[in-house]
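A short worksheet on the structure shown next.
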Amino acid sequence: MSPAPVSNSSLDAIPPPSHSQPTASASGITEDEAALYDRQLRLWGVEAQNRMRASHILLCGSFRGISTEVAKNIVLAGVGRVGLLDCGKVEWKDLGSGYWEREEDVGQFRVEVVAPRLQLLNPRVQITTHTEEKELLSDENFLNGFDLIVLTDRDAKTISKMNELCRKLGKKFFAAASVGIHGWIFADLLQHDFVIDEQKSSARGEAPKVVPLKLSRSYCPFEQAVQKHDFAAKGQKKLRKKTMKKREVLWAVLSTLSLELEQSGEGSRITVETLRQKADQYLPSIGVPSTDLTDPIISRFLSLTGHEFAPSCAVVGGILGQDVLNTVGGKEEPVRNFMVFDGDLGEGGVWALGC
């Protein structure tokens, strides 16, 4: 689907990129902030920076490797408020991918350990911590205080419920998870308007002009993306055999998520046998031969589940953090709507599932 032009959008206020020194302006950026955020002001402009400064973002779920990277990036960028929600406590295994935690923190709430150290990166950002799980899926008043929700390292059923609630409240939503050396990101940004900088050719001998182009993309819910996409449908790109290896982790992730959606909830055990049975039924339903997901890949994938690999968390968390900033700032196009990072290949692919 081609992006639709945006009309009657606040993005009309975004000016063309400027290469001059950012200074204080009527938009509210102070001289100190202009100096602090100099590089990003040059990159995405004052209006985008102001949107970030006014935004309220909730990082919830399990505050582990991916959340660590996202939190660092958005706090450094100068978002207005960041909420950290996780009822989990620091475990010894968290020390491998969570660089905010230390040995003496084991047994304490993750977010309460992280918050004061994260705050040191940017005192201008308001950081709050929450350790009550009930706020995650039942407290609409609490969630209404945020513009965008990021849920990490939770099962598919929880992701689906959270996504439904975010849609009800009109909140944009990201989910992400680490699977050992692999990882993935899902985005449901409802109807998202954004601006990209397009180069327009000028008169002969002159440098191309950079012109802001306003676009819009529609997104779909998590369950629709996982269960309803058809890779064999007319108009879909043909899945070539020579690139099959680049999709093996995608098929493993989607089959696992589909199985989790049918199970009773978080903590249900998935075995090689149950995932094999699910893949044999699920993959053909989305237009993929079940033979494209082999038993060795299933076995290796499940052996990595529940584990984290710090470099992969940095990659996935870095992409997610940048997309969060793109979303609240209205600059550049975020992932639409599913990204899988394959740690074996060192590559990530993006698919528009169900859209």
Side-chain angles (χ1 to χ4, degrees), residues 3 6 8-15 17 22 25 27-29 33-34 36-61 66-85 118 121-122 124-128 142-152 162-163 165-167 169-176 185-197 212-219 316-337 339:
V6 179
N8 299 323
S9 169
S10 61
L11 296 177
D12 292 335
I14 294 183
S25 70
S27 61
I29 297 290
E33 287 174 315
L36 178 64
Y37 302 129
D38 175 79
R39 180 177 176 275
Q40 59 203 51
L41 283 168
R42 294 173 186 272
L43 180 64
W44 52 57
V46 172
E47 293 298 327
Q49 183 65 43
N50 269 331
R51 288 189 184 89
M52 294 179 194
R53 191 172 66 163
S55 65
H56 295 175
I57 297 169
L58 176 65
L59 302 182
C60 56
I66 291 176
S67 294
T68 294
E69 193 70 22
V70 174
K72 172 193 50 105
N73 289 349
I74 65 176
V75 167
L76 284 172
V79 298
R81 187 177 72 171
V82 177
L84 309 178
L85 192 161
L118 186 61
L121 295 181
N122 194 341
R124 291 174 172 81
V125 177
Q126 181 184 346
I127 300 175
T128 58
F142 169 73
L143 295 174
N144 258 327
F146 298 92
D147 305 307
L148 184 147
I149 314 295
V150 181
L151 179 67
T152 54
M162 193 72 197
N163 189 194
L165 182 56
C166 286
R167 282 199 152 242
L169 300 175
K171 305 297 181 182
K172 296 184 177 183
F173 174 75
F174 283 97
I185 298 169
F186 167 77
D188 179 7
L189 308 183
L190 310 174
Q191 187 70 33
H192 181 59
D193 304 336
F194 59 96
V195 170
I196 62 172
D197 294 329
L213 177 64
K214 292 168 287 185
L215 302 172
S216 184
R217 293 275 197 188
S218 61
Y219 286 71
V316 176
I319 294 170
L320 178 55
Q322 186 60 56
D323 264 13
V324 168
L325 296 175
N326 286 341
T327 300
V328 297
K331 291 284 285 185
E332 304 303 327
E333 181 175 5
V335 163
R336 182 179 179 264
N337 56 346
M339 190 281 285

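As a basis for the values below, the full set of heavy atoms in this structure was taken, side chains included, without hydrogen atoms, waters or symmetry mates.
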For the backbone of [Y] and the side chain of [X], can you confirm whether one donor and one acceptor N or O come within less than 3.5 Å of each other?
| X | Y | value |
| --- | --- | --- |
| D323 | V335 | yes |
| R81 | T128 | no |
| N326 | E333 | no |
| R336 | S218 | yes |

Does K172 form a side chain to side chain contact (heavy atoms under 4.5 Å, CB included) with I149? I'd like the steps, not just the answer. CA-CA 6 Å; K172 296 184 177 183; I149 314 295; over 6 Å; no
Walk me through it: do N337 and D188 pass the test side chain to side chain contact (heavy atoms under 4.5 Å, CB included)? CA-CA 7 Å; N337 56 346; D188 179 7; over 6 Å; no
Shortest non-hydrogen contact from [X] to [Y]?
| X | Y | answer |
| --- | --- | --- |
| H56 | G145 | ND1-O, 3.2 Å |
| V70 | G321 | CG2-N, 4.0 Å |
| T152 | S67 | OG1-OG, 2.6 Å |
| G317 | E69 | C-CG, 3.7 Å |
| L151 | G61 | CD1-CA, 3.6 Å |

Spacing of [X] atom [atom1] and [Y] atom [atom2] [to the nearest 0.5 Å]:
| X | Y | atom1 | atom2 | value |
| --- | --- | --- | --- | --- |
| S216 | H192 | OG | NE2 | 8.5 Å |
| R217 | D193 | CZ | CG | 12.0 Å |
| L148 | I74 | CG | CD1 | 8.5 Å |
| L169 | L143 | CG | CG | 6.5 Å |

Side-chain contact, heavy-atom cut-off 4.5 Å: [X] with [Y]?
| X | Y | answer |
| --- | --- | --- |
| L59 | I57 | yes |
| L325 | V79 | yes |
| I185 | V316 | yes |
| V125 | N122 | yes |
| N144 | F146 | no |
| L215 | F194 | yes |
| Y219 | L189 | yes |
| F186 | F173 | yes |

Under the side chain to side chain contact (heavy atoms under 4.5 Å, CB included) rule, what do V82 and Q126 come out as? Steps first, then yes or no, please. CA-CA 6 Å; V82 177; Q126 181 184 346; over 6 Å; no
Are K171 and D147 ion-paired here, with the side-chain N under 4.0 Å from a carboxylate O?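 Salt bridge between K171 and D147, a charged N being under 4.0 Å from a carboxylate O: no.
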For F174 and V150: C-alpha separation, side-chain torsions, deciding distance, then whether side chain to side chain contact (heavy atoms under 4.5 Å, CB included) applies. CA-CA 5 Å; F174 283 97; V150 181; 4.3 Å; yes
